[in-house]
There are 2 protein chains.
Amino acid sequence: MAEAFRAHGFEGASLSIISKATGLGKGSLYNFFPGGKEEMLAAVLADIDQWFDRIIFTPLERAADPATAISAMMRDVEAYFHSGGRVCLVGWIGLGAARDPFALQVKGYFARWISALTHCLETARVPASAAGQLAEEAVAGIQGAIILSRALDDGGAFTRLVRHHQSCLLDATAAFGSATVIEL
Amino acid sequence: MAEAFRAHGFEGASLSIISKATGLGKGSLYNFFPGGKEEMLAAVLADIDQWFDRIIFTPLERAADPATAISAMMRDVEAYFHSGGRVCLVGWIGLGAARDPFALQVKGYFARWISALTHCLETARVPASAAGQLAEEAVAGIQGAIILSRALDDGGAFTRLVRHHQSCLLDATAAFGSATVIEL
DNA sequence: GTCTATAAAGCGATAGAC
DNA sequence: GTCTATCGCTTTATAGAC
């Protein structure tokens, strides 16, 4: 079902498409989701958020080694988005006028991502203001990489851009974090 | 009509929405666009491309002063996208499975933008490989800024991100371009 | 719980009056 | 060239058999 929404968006994913994608009849779908398509997408978004919470957000927040955590995040992000071949459904939903019922979920997803990454950078002794800025740039950069690589049909662009942002983040952790090493 | 597609996307923008947005009846719309909704969006995309060609791409390509041209681009981009309050229709269309009829227009838009910006940077004596990379980052960054600022409902994020990318580009022109000034 | 049948509404698109 | 009326189809959603 998530892939049906990812491929067609909210308005484009008809119940017949979702039915085929899930292998369930419309009756069954409405049995699971009495709220209809809107509830289906809300469930998908919640599932996505749960996955990111477990694989991306929490590890960033609890990282003992920030640099390793950042590298792991970028590796998982690249795998998750299939090097740009897979769309970010949350970002997509945020674009349209039909986002209103999901606005909170969309906002929460990105706010949490930025917050977790900011916290990770601060663990590496990056000053709060710089950390917040860098995190914002990285999260936005990933979204931009998806848009661009899909538009150009070039997964290489996604990989290049993600690597670049990884370097920016790691440079920051090294610049501030390893200053301690020098001081010792 | 463009705003109707921008607000609702291709599938979400019904003919009745387009009809209200344009003030034209369905009959009139089909008189102008016998190919239906698909032809309407193609025309909108062509119009967008024309605007960018005139205001963004060509000035970048013909810039005598690269730094000024880059600043002008960012200023116009911020105005055009209403600091993130207005979506990039071209990027949006590229996301969905329904993009196929427009894939060439979408690809051309971004390829041209990157190419023009790359050329502008090269005018400032930025080496070709660095220029291409920087241009890709800036264009992707703008797209990411739109996604993020809409998701967070925070136009400030858009402005911050665009300013950052402007600085990155200007730093590059200064680093390579003004070496000449020092040499003189 | 899953299916088929169906209702009611909206869709894209067309025809024809003016 | 613009409108209204309408066609045929798909949509979301529901009802009811099993």
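Each chain gets a letter, A, B and so on, in the order the sequences are listed, and its residues count up from 1.
When the P atom of C:dT2 is taken as reference, atom CG of A:L29 falls 9 Å away, rounded to whole Å. Taking atom CG on A:L24 and atom P on C:dT4, their separation rounds to 12 Å, with Å as the unit.
Within residues 31-42 of chain A, the residues having any heavy atom under 4.0 Å from DNA chain D are, by residue number, A:G36, A:K37. If you check residues 6-18 of chain B against DNA chain D, you find no residue with a heavy atom closer than 4.0 Å.
If you check every strand for non-hydrogen atoms under 4.0 Å, A:G25 touches sugar and phosphate atoms only.
Every ring pair (Phe, Tyr, Trp, His ring centres under 6.0 Å) that A:Y80 has, sequence neighbours left out, goes to A:W51, A:F52.
Counting only heavy atoms from C-beta outward, the side chains of B:L134 and B:T118 never approach each other to under 4.5 Å. A:W113 places a side-chain heavy atom less than 4.5 Å from the side chain of A:V77.
Side-chain atoms of B:D53 and B:T58 form a donor-acceptor pair, as typed in the model, at a separation below 3.5 Å. Side-chain N/O atoms of B:E137 and A:H164 include a donor and acceptor closer than 3.5 Å.
By the 4.0 Å N-to-carboxylate-O rule, B:R6 lies close enough to B:E3 to be salt-bridged with it. Residues B:R54 and B:D49 are not paired through a salt bridge, judged by the lack of any N-O separation under 4.0 Å between the basic side chain and the carboxylate. A salt bridge between B:E11 and B:K37 is absent, with no side-chain N of the basic residue lying under 4.0 Å from a carboxylate O of the acidic one.
Proximity of A:Y30 to the phosphate of D:dT14: no side-chain N or O atom is located under 4.0 Å from OP1 or OP2.
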